[in-house]
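Here the structure is laid out as structure tokens; the discussion comes afterwards.
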Number of protein chains: 2
Amino acid sequence: MTRRTDALSRERIVEATIEILDTAGESALTLRALTAHLSTGRGALYHHVATKDDLLAAASDGVIGRVLAEVGGHEDPAYAIRALALGIFTAIDGHPWVGSQLARDPGQPAVLQIWTSVGSQLTRLGVTGRARSDAGSALVNYVLGAAAQHAAGARRAPDQAARQEYLQALATKWAGEDPDAAELLRDHDDRAQFLAGVDIFLAGVSALRKPAGSG
Amino acid sequence: MTRRTDALSRERIVEATIEILDTAGESALTLRALTAHLSTGRGALYHHVATKDDLLAAASDGVIGRVLAEVGGHEDPAYAIRALALGIFTAIDGHPWVGSQLARDPGQPAVLQIWTSVGSQLTRLGVTGRARSDAGSALVNYVLGAAAQHAAGARRAPDQAARQEYLQALATKWAGEDPDAAELLRDHDDRAQFLAGVDIFLAGVSALRKPAGSG
DNA sequence: ACCTGAACACCGTTCAAGT
DNA sequence: ACCTGAACACCGTTCAAGT
């Protein structure tokens with residue numbers, strides 16, 4: 001905070017990277033475009049960043065980090081998980097390149113952050129041990145898969161009429177819990193379908209905790 | 001079958017593509033390597049293939065198509081879904097480049113094939129209408145997400161001891177249904193966790209069909 | 001220590017020229 | 001119609017040279 005940020009720094013490079021990705025898309029992110037944007041020489045970047053992949057991972061981590069911080073905690077852990085998932089989905093809707101990037105490396109910081117957040121909410125839900133890592137794996141993989149598919153530009157749309165009807169019903173149901181969520185649902189097909197998937201997993205986790213059928 | 005396959009054809013090009021990807025990895029697939037492998041000129045490929053992306057999509061479609069054909073139908077639709085998911089997972093384990101490719105474009109033939117297979121098994125399960133497309137979306141996105149993460153080389157491994165114990169239990173349980181599946185499970189952590197996720201999904205679909213709690 | 005920018009070793013794709 | 005292979009317009013990364 002005290003020093004001038006005029007000089008090149010990893011932070012400034014990551015910032016510029018996010019800006020280019022958001023405004024011009026993933027294909028526009030070349031090191032040449034980036035150095036032009038920062039008005040510096042090509043090799044200068046390599047004093048602050050290991051590789052282009054490193055840069056993409058750092059940019060994704062920045063976006064996801066902000067989302068997870070904003071989402072915060074809701075009292076009901078199941079609701080918190082829905083909010084967490086929806087926050088990630090919304091972020092990827094606004095920054096499609098993040099969706100592609102998250103699918104690329106399971107060990108990158110952004111993905112580990114998501115694991116941690118999901119894990120802590122599952123703990124609050126009362127799920128522990130092996131069941132917790134299974135449920136976490138299921139949820140994280142679902143969210144990342146949906147995110148990548150949506151980011152790549154999902155075009156599936158079977159019958160638009162029935163879908164609108166369903167959307168209304170789901171929005172009404174959710175309105176009881178959070179009017180803002182209901183607002184978001186209206187006219188957002190992919191979002192509604194994504195949330196329906198989250199509910200399927202939550203129902204599955206709950207059902208497997210207290211099985212009421214076989215022995 | 002009657003004509004000689006000596007000449008260049010889309011099929012021969014796709015075959016050679018799969019071979020290079022399997023033996024040398026995705027980074028080794030260059031059009032230069034491919035033309036060398038086929039001992040032809042660079043531009044010749046473009047008479048049979050639109051672009052390199054087209055080629056990757058065709059190669060993935062070939063692998064997935066074979067898997068879906070082999071998996072066939074089991075009498076119990078829930079079991080058939082597990083077999084389908086496991087088949088895709090195994091294919092991606094053996095051809096990691098397929099996992100990355102499937103995450104890249106939701107409209108490519110291989111992904112549409114997966115949607116179709118999942119959809120028909122869900123119908124056999126008795127799920128229809130809106131519930132069917134929600135469940136299908138959840139399962140497909142989960143499978144593709146897990147596949148991409150696994151393909152990228154998942155390295156998460158918390159406590160190896162408890163995991164081994166769990167594996168044994170799951171393998172024993174599954175042995176009642178299919179000894180071969182139990183065989184596959186032993187010593188395959190990611191595979192077991194993947195299947196646990198499929199079971200969470202199936203439990204969720206079942207639970208949401210006959211809700212036994214709220215009004 | 002940090003930066004510059006030319007050079008290096010690649011890419012996917014195109015296209016005039018051949019058969 | 002199909003194929004050739006040189007040429008084109010790019011890449012990410014490196015590195016001697018500057019300050």
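Every chain is numbered from 1 and lettered A, B, ... according to where its sequence line falls, protein lines coming before strand lines.
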ask   = If you measure from the Lys or Arg side-chain nitrogens to the Asp or Glu carboxylate oxygens, is any gap between Asp93(A) and Arg191(A) under 4.0 Å?
value = yes
key: Exam field: side chain Ser206(A) to backbone Leu202(A), donor-acceptor pair closer than 3.5 Å   = no
remark   = Separation of dT13(C) atom P from Ile13(B) atom CD1, nearest Å, is 13 Å
request  = From the options dA7(D), dC3(C), dT13(D), select the nucleotide whose nearest atom is closest to the side chain of Ala7(A).
outcome  = dC3(C)
task = Can you tell me the pairing partner of dT19(C) across any strand shown, Watson-Crick or G-U wobble, with both distances under 3.5 angstrom?
result = dA1(D)
message = Counting distance alone, no hydrogens or angles: does the base of dG12(C) have a donor or acceptor under 3.5 Å from a partner atom on the side chain of Arg42(B)?
response = no
query = Just wondering, are more than 12 heavy atoms of other shown residues or ligands nearer than 6.0 Å to CD in Glu26(B)?
reply = yes
ask   = Just how far, in rounded Å, is C1' of dC10(D) from CG of Leu31(B)?
value = 14 Å
ask   = In whole Å, what is the span from the CZ atom of Arg12(A) to the C1' atom of dC2(C)?
value = 14 Å
task = State the pairing partner of dA6(D); accept Watson-Crick or G-U wobble contacts with both distances under 3.5 Å, and report none otherwise.
result = dT14(C)
query = For dT13(C), does OP1 or OP2 lie under 4.0 Å from any side-chain N or O of Thr51(B)?
reply = yes
request  = Quick one: label Leu29(A) by what it contacts on the DNA or RNA (base, sugar-phosphate, nothing), any heavy atom closer than 4.0 Å.
outcome  = sugar-phosphate
message = With a 4.0 Å limit, can you tell me whether His48(B) has a side-chain N or O closer than that to the phosphate oxygens OP1/OP2 of dC3(D)?
response = yes
request  = Rounded off to whole Å, could you give me the CZ-to-P distance for the Arg32(A) and dC10(D) pair?
outcome  = 10 Å
Nearest-nucleotide pick for Thr30(A), side chain only, options being dT4(D), dC11(D), dA7(D) = dC11(D)
query = CG of Leu8(B) versus P of dC2(D): gap in Å, rounded?
reply = 10 Å
task = Starting at atom CZ of Arg10(A), determine the distance to atom P of dC2(C), rounded to an integer number of angstrom.
result = 14 Å
task = May I have the distance from Leu34(A) (atom CG) to dT4(C) (atom P), rounded to whole angstrom?
result = 13 Å
inquiry  = Using the side-chain heavy atoms of Thr40(B), tell me which of these nucleotides is nearest: dG12(D), dT4(D), dG12(C).
reply    = dT4(D)
message = Side chains of Thr35(A) and Arg32(A) only: does a donor on one sit below 3.5 Å from an acceptor on the other?
response = no
inquiry  = Rounded to whole Å, please give me the gap between CD in Glu26(B) and P in dG12(C).
reply    = 12 Å
remark   = Against the side chain of Tyr46(A), the closest entry in dG12(D), dC11(C), dT4(C) is dG12(D)
message = When you compare the side chains of Asp61(A) and Gln113(A), does any donor N or O come within less than 3.5 Å of an acceptor on the partner?
response = yes
